[in-house]
Amino acid sequence: MVNDLLIVIPTYNERENVCAVAEAVFKSMPDADILFVDDNSPDGTGRLADELAAADSRVHVMHRAGKNGLGRAYIAGFKWALERHYLFICEMDADFSHNPEDLPKLRAAVQNAGLALGSRYIGGIRVINWPLSRLLLSRGAGIYVKMITGMPFTDPTGGFKCFRRCVLEAIQLDGIESSGYSFQVEMTHTAWRIGCRITEVPIVFEERRSGASKMSKNIIYEALGMVWKLFFRRYFTPRPVCRAPSKDGCCDESKNPCP
Ligand SMILES: Nc1nc2c(ncn2[C@@H]2O[C@H](COP(=O)(O)OP(=O)(O)O)[C@@H](O)[C@H]2O)c(=O)[nH]1
Ligand SMILES: [Mg+2]
């Protein structure tokens, strides 16, 4: 039997996490495949992932030439998934900030939607071990994004989510510009404009257990600029055409008639 769910995990210097995260994913989702997208991590994460892949046919590894941002890694991973048979494609960090035990909830939610967003803030704040400054940055960014883009979600910057295949087919992946974390906002915004049915699922977010964050000032500046780009896109460019009409929540034809 082939697995129809793929978990895409971008990695850069995650050698302490890569084996443990694969084990934890398979514990809660034994019928999933994993794709690690590694940007030639100097710490040898890619080699460790290759060893995992050699031992378990559910693990796949994509090697990229050098560090090029989380967004570019995800786009490459999504294209890889679309060239294959996967029907559900999840995104997840390697560092245990996203708890693999929440995967079944996300998978269940895309049964009735095109995209399920893991939300740290729906019905209260569920973030563990973050300094107040990082929590305020994340919460503030979420409110800023919501105000400017108009997207009605509680956690639009989150990176733990699950797409239906048809949504990724409907999005012009080469038109996604972000390379850093604003990628999350841009993808959700594009899916939302297309008319994709989007649902939020409560998740618990925990600060990474080991290794270092790749958050930088440039990533924050890119995100600030992207939010305004999305504002102008929304009001001054035509709604993107749905390329995969379907009753599964991929594109709502009443909002966006498809050819
Ligand atoms: N392939 C790839 N993965 C990246 C890159 N930047 C971050 N990541 C991965 O993306 C995930 C989130 O990054 P992280 O540093 O934990 O961000 P933070 O949680 O916001 O501090 C982790 O699995 C990282 O290893 C990159 O440039 N390339
Ligand atoms: Mg992290």
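- Between Tyr12 and Asp38, the side chains place no donor N or O within less than 3.5 Å of an acceptor N or O (distance only, hydrogens not considered).
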Walk me through whether Arg233 and Trp228 qualify under side chain to side chain contact (heavy atoms under 4.5 Å, CB included). CA-CA 8 Å; Arg233 257 188 224 170; Trp228 284 103; over 6 Å; no
Begin with the C-alpha distance, continue with both residues' side-chain angles, and end with the deciding distance and a verdict on side chain to side chain contact (heavy atoms under 4.5 Å, CB included) for Ile176 and Ile75. CA-CA 8 Å; Ile176 298 293; Ile75 294 289; 3.9 Å; yes
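- Taking CD1 from Ile9 and CG from Leu35, the interatomic distance works out to 9.0 Å, rounded to the nearest 0.5 Å.
- The line from CG of Asp39 to OG1 of Thr45 is 10.5 Å long, rounded to the nearest 0.5 Å.
- Every pair passing side-chain hydrogen bond (donor to acceptor under 3.5 Å, both in side chains) that includes a residue from residues 122-139 is listed here, sequence neighbours excluded: Tyr121-Ser138, Trp130-Glu207.
- Identified under the side-chain hydrogen bond (donor to acceptor under 3.5 Å, both in side chains) test for residues 146-165, with sequence neighbours left out: Ser119-Thr154, Arg120-Asp155, Arg120-Thr157, Thr154-Glu200, Lys161-Gln184, Lys161-Thr188, Arg164-Asp248, Arg165-Glu169.
- Residue pairs satisfying the salt bridge (Lys or Arg N to Asp or Glu O under 4.0 Å) criterion with at least one member in residues 47-57, sequence neighbours excluded, are listed as follows: Asp56-Arg58.
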Step by step, would you call Asp33 with Tyr86 a side chain to side chain donor-acceptor pair (under 3.5 Å)? CA-CA 9 Å; Asp33 283 3; Tyr86 299 101; 2.6 Å; yes
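- Atom CD1 in Ile7 sits 10.0 Å away from atom CZ in Arg107 (nearest 0.5 Å).
- A donor atom on one side chain and an acceptor atom on the other are found under 3.5 Å apart for Ser178 and Glu186.
- Of the possible polar contacts, none joining the Asp102 side chain to the Ile203 backbone as a donor-acceptor pair under 3.5 Å is found.
- Residue pairs satisfying the side-chain hydrogen bond (donor to acceptor under 3.5 Å, both in side chains) criterion with at least one member in residues 66-85, sequence neighbours excluded, are listed as follows: Lys79-Asp174.
- The distance from atom SG of Cys90 to atom CG of Leu106, rounded to the nearest 0.5 Å, is 6.0 Å.
- Rounding to the nearest 0.5 angstrom, the gap separating the CZ atom in Phe36 from the OG1 atom in Thr11 is 7.0 Å.
- Between His98 and Phe205, a ring centre-to-centre spacing shorter than 6.0 Å is recorded.
- The two residues Val167 and Cys196 have their closest heavy-atom pair at CG2-SG, 3.7 Å.
- Here Ile128 sits in one hydrophobic cluster together with Val204; the rule is ILVMFWY side chains under 4.5 Å apart, joined directly or through other members.
- In this view, Phe163 and Phe78 satisfy the ring pair (Phe, Tyr, Trp, His ring centres under 6.0 Å) rule, not counting sequence neighbours.
- Donor-acceptor pairing under 3.5 Å is recorded for the side chains of Asn17 and Ser210.
- Side-chain atoms of Ser97 and Asp95 form a donor-acceptor pair, as typed in the model, at a separation below 3.5 Å.
- Of the inter-residue distances, the one linking Asp93 atom CG with Glu14 atom CD reads 8.0 Å to the nearest 0.5 angstrom.
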